[in-house]
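Structure record follows, encoded as structure tokens.
Just so it is clear, the values below take in all heavy atoms, side chains as well, and ignore hydrogens, waters and symmetry mates. Letters A, B, ... are given to chains in the order of the sequence lines, protein chains preceding strands, and every chain is numbered from 1.
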2 protein chains.
Amino acid sequence: MNHKPLLDYINKYINLTVEEEAILLAKIVHRNYLKDQYIVQQGDICKSANFIISGCTKTFYTNLEGQEHIVMFSIEDWWTSDLGSFITQKPADFNVQCIERTQLIQFTYDNLEELYIEIPKLERLFRKIVERAFVASQKRIIRNFSLTAKERYLIFKENYPKIEQRIPQYMIASYLGITKEFLSKIKNQLIHNQ
Amino acid sequence: MNHKPLLDYINKYINLTVEEEAILLAKIVHRNYLKDQYIVQQGDICKSANFIISGCTKTFYTNLEGQEHIVMFSIEDWWTSDLGSFITQKPADFNVQCIERTQLIQFTYDNLEELYIEIPKLERLFRKIVERAFVASQKRIIRNFSLTAKERYLIFKENYPKIEQRIPQYMIASYLGITKEFLSKIKNQLIHNQ
DNA sequence: AATAGATGTTAATCTAGTTTAACTTCATTT
DNA sequence: AAATGAAGTTAAACTAGATTAACATCTATT
């Protein structure tokens with residue numbers, strides 16, 4: 001059981017004592033998912049906040065016409081969940097699915113509520129994590145409004161240089177909010193530097 | 001000095017003792033802004049998290065061509081700030097400007113850091129607030145991708161029935177990510193139920 | 001009451017991105 | 001090695017929404 005990435009990650013935000021680490025480790029579960037398996041499905045109640053040790057997930061919404069819209073990709077050292085469903089314990093709006101074989105650490109809702117009481121410092125940890133996630137989300141809204149698809153694609157490549165090779169084009173298009181055909185056209189334009 | 005809306009708001013999330021309330025109230029500042037005054041300007045370091053007692057603000061980004069893109073409106077019983085700038089104490093990406101005469105309570109960065117230490121429960125309060133804000137922001141990204149401008153306008157009217165009368169059309173258009181001319185067209189279509 | 005400035009509307013023209021559909025490439029299974 | 005299917009490309013026709021520009025309305029100030 002490899003806890004190190006989680007503890008290293010936590011220690012960037014707060015300092016846990018050895019006893020606190022032990023309390024925390026007693027309440028987590030390691031879990032392995034295969035490629036294409038779902039961690040959360042739209043309509044389910046999201047039971048866990050998940051810290052990724054290895055692998056990659058996509059969080060997406062499927063509308064009535066069956067079109068997928070990807071809100072985020074998550075990789076090693078990041079979290080994945082339907083946070084809205086998790087915090088309210090109501091049915092999820094989003095699906096979370098593994099794009100690769102994924103190894104993660106799960107905090108169930110009840111265990112995390114207990115941990116907040118046993119180790120109040122964790123409130124600070126998660127406050128800081130969600131603050132950063134919120135800021136990134138707001139910036140994404142602005143990019144979607146004020147930039148063209150080509151500009152958004154270039155920024156995506158800059159921000160996630162390693163992810164692009166791991167993810168099919170049509171998912172990147174979905175994340176950018178365009179069709180796979182138009183992404184294909186953009187890439188062609190970039191090759192012929194237009 | 002009217003603290004009641006703030007204390008009522010806080011008590012929906014956590015319970016403060018009388019002593020804790022006193023500590024908190026000692027560290028806040030009441031502030032009044034006139035219509036059109038700025039609370040934060042792009043490039044400034046955002047010095048405060050602001051709880052609105054009365055009035056209304058817009059948070060927006062101005063791009064190089066001078067176009068405004070509104071990320072959020074804030075009214076009574078809600079927060080306004082450039083959170084990204086506030087938490088990192090680096091220059092703001094956004095402007096926060098009053099659309100009406102606005103009365104608010106300010107938490108400066110240093111005071112809030114001290115409060116987190118004196119009243120650790122506040123970590124929980126702000127964790128929960130930001131969690132909800134993040135969830136709303138994710139849902140907005142999906143709406144922008146998967147709905148037409150007309151659908152987004154109708155949802156806006158549903159979600160903010162009282163705000164619409166208080167805010168000029170061109171700002172609503174900016175929030176929806178469309179031009180004021182196109183919003184005008186949408187409204188005309190809705191009148192003639194197309 | 002006249003002027004100026006901000007806000008809102010209408011309509012013509014234009015464009016970024018979608019849709020549809022046919023084709024290619026690549027990996028997987030039999 | 002052939003066959004199936006998933007992923008990606010290309011190109012033509014189409015549309016949601018932008019741009020431009022002229023005009024209308026409303027308000028505040030002198």
Side-chain angles (χ1 to χ4, degrees), chain A residues 34-37 56 58 60 62-70 73 97-101 141-157 163-192 194, chain B residues 34-37 56 58 60 62-70 73 97-101 141-157 163-192 194:
Chain A
L34 299 176
K35 185 166 184 291
D36 296 336
Q37 281 190 314
C56 184
K58 61 173 173 175
F60 64 102
T62 305
N63 70 10
L64 298 168
E65 290 97 57
Q67 290 161 321
E68 268 189 37
H69 297 279
I70 296 178
F73 296 112
Q97 189 180 14
C98 297
I99 300 178
E100 303 172 354
R101 205 169 171 290
I141 289 173
I142 287 299
R143 282 200 300 269
N144 289 342
F145 279 158
S146 63
L147 302 180
T148 63
K150 192 189 276 183
E151 291 167 326
R152 278 180 273 144
Y153 173 59
L154 290 172
I155 288 176
F156 175 80
K157 288 195 4 156
I163 276 193
E164 209 191 352
Q165 336 310 329
R166 294 164 65 171
I167 293 174
Q169 292 300 317
Y170 74 90
M171 289 188 195
I172 293 173
S174 169
Y175 177 86
L176 294 173
I178 58 177
T179 58
K180 65 186 199 313
E181 291 84 356
F182 192 56
L183 177 55
S184 194
K185 194 172 181 178
I186 287 171
K187 285 173 61 187
N188 193 11
Q189 285 175 0
L190 288 171
I191 289 167
H192 304 88
Q194 285 172 259
Chain B
L34 298 176
K35 184 167 185 290
D36 295 337
Q37 282 190 314
C56 184
K58 60 173 173 175
F60 64 102
T62 305
N63 69 11
L64 298 169
E65 289 97 57
Q67 289 160 323
E68 267 189 37
H69 297 279
I70 297 178
F73 296 113
Q97 189 180 16
C98 298
I99 299 177
E100 303 172 353
R101 207 170 167 291
I141 289 173
I142 287 299
R143 283 200 301 270
N144 290 343
F145 279 157
S146 62
L147 302 179
T148 63
K150 192 189 276 180
E151 290 166 328
R152 277 179 274 146
Y153 173 60
L154 291 171
I155 288 178
F156 174 80
K157 285 190 15 153
I163 277 193
E164 208 190 354
Q165 337 309 328
R166 293 164 67 171
I167 293 174
Q169 292 301 317
Y170 73 90
M171 288 187 197
I172 293 173
S174 169
Y175 178 85
L176 294 172
I178 58 178
T179 58
K180 64 187 202 311
E181 289 86 354
F182 192 57
L183 178 55
S184 195
K185 195 172 180 178
I186 287 171
K187 286 173 62 186
N188 194 13
Q189 285 176 0
L190 288 170
I191 291 166
H192 303 89
Q194 288 172 255

Task: Separation of B/F60 CZ from A/I142 CD1 (nearest 0.5 Å) - done: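 If I round to the nearest 0.5 Å, the distance is 10.5 Å.
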- [ ] Report yes if some heavy atom in the side chain of A/R166 is under 4.5 Å from a heavy atom in the side chain of A/F73; otherwise report no.
- [x]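 No, every pair of side-chain atoms sits at 4.5 Å or beyond.
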- [ ] May I ask you to test the A/I186-A/L176 pair for a side-chain heavy-atom distance under 4.5 Å?
- [x]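 A/I186 does not reach A/L176 side chain to side chain.
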Interatomic distance, [X] [atom1] vs [N] [atom2] [rounded to whole Å]:
| X | N | atom1 | atom2 | answer |
| --- | --- | --- | --- | --- |
| B/Q67 | D/dG17 | CD | C1' | 14 Å |
| A/N144 | D/dG17 | CG | P | 14 Å |
| B/I191 | C/dG8 | CD1 | C1' | 12 Å |
| B/I186 | C/dT9 | CD1 | P | 12 Å |
| A/F145 | D/dG17 | CZ | P | 12 Å |
| B/Q189 | C/dT9 | CD | P | 13 Å |
| B/L190 | C/dT9 | CG | P | 12 Å |

Open item on the list: Measuring to OP1 and OP2 of C/dG17, would you say a side-chain N or O of A/R152 lies under 4.0 angstrom away?
Closed with: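 Yes, because at least one side-chain N or O of A/R152 sits under 4.0 Å from OP1 or OP2 of C/dG17.
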Open item on the list: Check this one for me: any side-chain N or O of B/T179 less than 4.0 Å away from OP1 or OP2 of D/dG17?
Closed with: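 So the side-chain polar atoms of B/T179 never come under 4.0 Å of the phosphate oxygens OP1 or OP2 of D/dG17.
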Task: A/Q97 side chain vs A/D36 backbone, donor-acceptor pair below 3.5 Å - done: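 Yes; at least one donor-acceptor contact below 3.5 Å.
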Open item on the list: Parallel, tilted or perpendicular, judged at 30° and 60°: which one describes the rings of A/F145 and B/H69?
Closed with: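 The rings of A/F145 and B/H69 lie parallel, inter-plane angle below 30°.
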Scan nucleotides 5-16 of chain D against the protein and return all N/O pairs shorter than 3.5 Å with their distances rounded to 0.1 Å.
{"unit_1": "D/dA7", "atom_1": "OP2", "unit_2": "A/Y170", "atom_2": "OH", "d": "3.4"}
{"unit_1": "D/dG8", "atom_1": "OP1", "unit_2": "A/Q169", "atom_2": "N", "d": "3.0"}
{"unit_1": "D/dG8", "atom_1": "OP2", "unit_2": "A/Q169", "atom_2": "N", "d": "3.0"}
{"unit_1": "D/dG8", "atom_1": "OP2", "unit_2": "A/Y170", "atom_2": "N", "d": "3.2"}
{"unit_1": "D/dT9", "atom_1": "OP2", "unit_2": "A/S184", "atom_2": "OG", "d": "3.0"}
{"unit_1": "D/dT9", "atom_1": "O5'", "unit_2": "A/S184", "atom_2": "OG", "d": "3.1"}
{"unit_1": "D/dT10", "atom_1": "OP2", "unit_2": "A/N188", "atom_2": "ND2", "d": "3.4"}

Open item on the list: Could you report the tightest heavy-atom contact between A/L34 and A/C98, atom names first, then the distance?
Closed with: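 Of all heavy-atom pairs spanning A/L34 and A/C98, the closest is O-CB, 3.6 Å.
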